[in-house]
Amino acid sequence: MIDLIYVEEGLERHPRAQAIGRRFPGATWVPCARYTEVFNPKAQNFRLQKRRPALILARKHEGLVLEAPAGYGLGGGENYYFSHMLNCLYDCRYCFLQGMYRSAHYVLFVNFETFEQAMDDALVRAGGRELWFFSGYDCDSLALEPVSGFAAHFLAFFASRAQARLELRTKSTQVRVLLEREPLDNVVVAFSFTPEPVSRALEHRVPPVAKRIAAMARLQCSGWRVGVRLDPLIYTPDYRDAYRRLLADVFGALDLEALHSVSLGGFRLPRRYYKTIQRLYPEEPLFAGPLELCGGMVSYVSELEQELSRFCTRELLRYIPQERLFPCSEAA
Amino acid sequence: MIRIVTALPAEARPLLRHFGLRARTPQGMFPVFEGEDMALVVCGAGKASAAAAVAHLHGVTGGRADRVWLNLGVAGHPTHRPGEALLAHSIRDMATGRRWYPPQIIGASCPGAQLVSVDVPETRYPEDALYDMEAAGFYPTATRCATGELVQCLKIVSDNRQAPPGGLDAQAVEVLVAGQLDLIARLLASLGALAREGLGRDGLADCVGGFIEHWRFSVSQRHRLERVLRRHAALAPGQEISWREYRVLRRARQVLTALEHRVQGLAGARP
């Protein structure tokens, strides 16, 4: 899977780098001073690199834990996000990462302990207040778990910090690391879904919806708290039937009493990202659809967006109470 | 689609024969050779010459962005045997310390190596790396003409600690390059396929051309035209759209309105 690994000088002997080396014994290692030398140059094509991304092992020095944007949260406490990785194993056509980064290489920050220190600092500053830490903004939280060991490491950290809450957001079925240990009450594993036909068309390399539902149900059965994320909502001419079927499949497999939360959000991209992605994929119907530019964001035309959101909210409330539903809004 | 830069005529000659390239006349700043879908420039030694030759070749061959660029030549290496081919996965300019990392997207057709570009020939080979004199000029200039995935440096080892470069003459260089022609052809074919798949794939030029030949579009109207035709291609793949369908309309503005209305219908804006 990985046959080229760039490594920041000085990290070659890092235990996580060495473990990854043992996992990919045939990989070529290329030293670099900073990951940005490889990741940031202009003359790169995300679409071409997605055919064969390399792994970059790096250290994160600043901005380890950041305040989440307004409207991004689950109703309680203060919200932070952090990214142990940049880029994702999957290739979802609606994903903003395609427009944000020039490179599709996976950057893995191996200094997990520095992230933990930043979280502890935030917890001290918060006094006794509850803090949420969201993982899965710049990457999928679990998709590369067998390589990164991210969840295995951070679950141990959160196990001893009841005041801290962790959301692992994923489209992966890599849940073994969770199933092999006692569930934690302060961790939510949130699975993202679009209807199966949309997923097949837009979520390349992502496990099928049915397998993700099965993984989520297995986790819930073993006592983990799980959440459902319908973000982004994608319009198709038959979206009503498609979302009805999706919700029936998802909620039919779960114990609704034990479900932690459901959130939903519209398809939206900052204008600059949208233009970049459209240049990369001019043949993609998603970007030729009924979209409009409003306040620097490209999203479905407002009438359509509201209809989609209203419909899905209405359908969701047939399964869950209002207090477990969290609309995600840029303007919130 | 393929652009090749070599430092020496001896590096170029096997390629000229193999790919049937002919000298371009009149000769400009650098000797340029052309064939079907391929052009080669001989730049002379040094990174400044390599950079200038890339710019020259880009200019004289139409300046399009969807080209493959290959710097091909001989290089020293402390341990690899003469005749071995290595693809540079990183390039360092010894004089400035600047580094570049050509993205390696195509499957490995040969091993990779670090490449150090020096200003004077290196015969001590202090690092486990290839040593040449052009890549640090070639790569940053070629990546102004094309995306980095399509810009590569392939070096054939000509000398090492056991076989110093003293006895290397033009004939020996030709033999070294000729020995890797199959590999070079495979590499170019893979890069060419990558360029075709990843870039320039919406093929709107012909369609747009039909419209702008029959109506007068302003610059901003032409951008609108391209946008609407691209949307149509995405929403109705395989369905041709021709200017002839709109020939009863007199003005470009009317044509644009009609096209936009048609595409709006395809987009299904109503819930």
Side-chain angles (χ1 to χ4, degrees), chain A residues 3-6 26-35 37-54 56 102-105 235-240 278-292 300-311, chain B residues 65-66 69 87-90 92 97-108 111-114 139-151 191 194-195 197-204 226-238 263-271:
Chain A
D3 47 23
L4 184 62
I5 300 173
Y6 298 96
T28 301
W29 288 65
V30 179
C32 60
R34 290 280 286 127
Y35 80 90
E37 288 181 339
V38 181
F39 196 67
N40 286 356
K42 277 186 187 166
Q44 301 193 80
N45 182 295
F46 193 98
R47 179 176 179 157
L48 291 181
Q49 288 195 7
K50 204 68 189 166
R51 292 164 54 106
R52 196 163 173 251
I56 305 175
R102 293 178 176 132
S103 170
H105 294 329
Y235 168 76
T236 55
D238 64 342
Y239 77 90
R240 292 183 183 85
Q278 198 195 24
R279 270 198 300 274
L280 286 172
Y281 299 95
E283 76 283 15
E284 173 54 59
L286 176 68
F287 306 123
L291 304 173
E292 68 180 5
Y300 287 125
V301 293
S302 105
E303 183 189 358
L304 181 60
E305 183 175 70
Q306 286 170 21
E307 164 60 22
L308 249 175
S309 175
R310 270 198 302 267
F311 174 81
Chain B
D66 55 346
W69 286 86
L87 197 61
H89 53 52
S90 63
R92 178 157 51 89
R98 283 199 64 192
R99 297 203 259 195
W100 301 270
Y101 301 86
Q104 304 293 296
I105 303 305
I106 53 170
Q114 296 182 59
Y139 189 80
T141 314
T143 50
R144 288 173 176 266
C145 311
T147 185
E149 293 77 15
L150 302 180
V151 181
L191 288 168
L194 189 67
E197 281 175 36
L199 301 166
R201 62 209 156 272
D202 58 6
L204 281 180
E226 287 174 1
R227 269 200 305 274
V228 72
L229 291 177
R230 185 167 287 122
R231 279 189 81 191
H232 181 271
L235 291 167
V263 170
Q264 200 63 27
L266 287 171
R270 306 298 300 175

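This one's a predicted model, so the numbers in the text were calculated from it and none came from an experiment. Both backbone and side-chain heavy atoms feed into the values below; hydrogens, waters and symmetry mates do not. Here is how names work: the chains are called A, B, and so on, in the same order as the sequence lines, proteins then strands, and each is numbered from 1.
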CZ-CD distance between A/R52 and B/Q104, expressed to the nearest 0.5 angstrom:
7.5 Å
Point-to-point distance, once rounded to the nearest 0.5 Å, from CD of A/Q49 to OG1 of B/T147:
7.5 Å
What part of A/P53 is in contact with chain B, defined as an atom under 4.5 angstrom from a non-hydrogen atom: side chain, backbone, both or neither?
neither
Any side-chain heavy-atom pair from A/Q44 and B/P103 closer than 4.5 angstrom?
yes
Taking side chain as everything from C-beta outward and backbone as N, CA, C, O, which of these in A/E284 sits under 4.5 Å from a heavy atom of chain B? Side chain, backbone, both or neither.
backbone
According to ring pair (Phe, Tyr, Trp, His ring centres under 6.0 Å), who are the partners of A/Y300, at least two apart in sequence or on a separate chain?
A/F267
Scanning both residues in full, the closest heavy-atom pair of B/A234 with A/A288 reads CB-CB, 3.8 Å
Interatomic distance, CD@A/E37 vs CZ@B/R98, rounded to 0.5 Å, equals 10.0 Å
Under the ring pair (Phe, Tyr, Trp, His ring centres under 6.0 Å) test, residues paired with B/H89 that sit two or more places apart
none
Most contacts with chain A, counted as non-hydrogen pairs under 4.5 angstrom, among B/R227, B/R231, B/Q114, B/E149
B/E149
For A/R34, does the CZ atom sit with more than 12 other heavy atoms under 6.0 Å from it, leaving out its own atoms?
yes
Bottom line for B/A236: the part with an atom under 4.5 Å from chain A's heavy atoms is neither
Gap separating the CG atom of A/L4 from the OH atom of B/Y101, nearest 0.5 angstrom:
11.5 Å
Hey, could you give me the CG/CG distance between A/L48 and B/L150, rounded to the nearest 0.5 Å?
6.0 Å
Under 4.5 Å heavy-atom distance to chain A, tell me which part of B/P140 shows up: side chain, backbone, both or neither.
neither
Name the option with the most non-hydrogen atom pairs under 4.5 Å to chain B; the candidates are A/P31, A/P237, A/A43, A/C32.
A/A43
Region of B/S90 that comes under 4.5 Å of a non-hydrogen atom in chain A
side chain
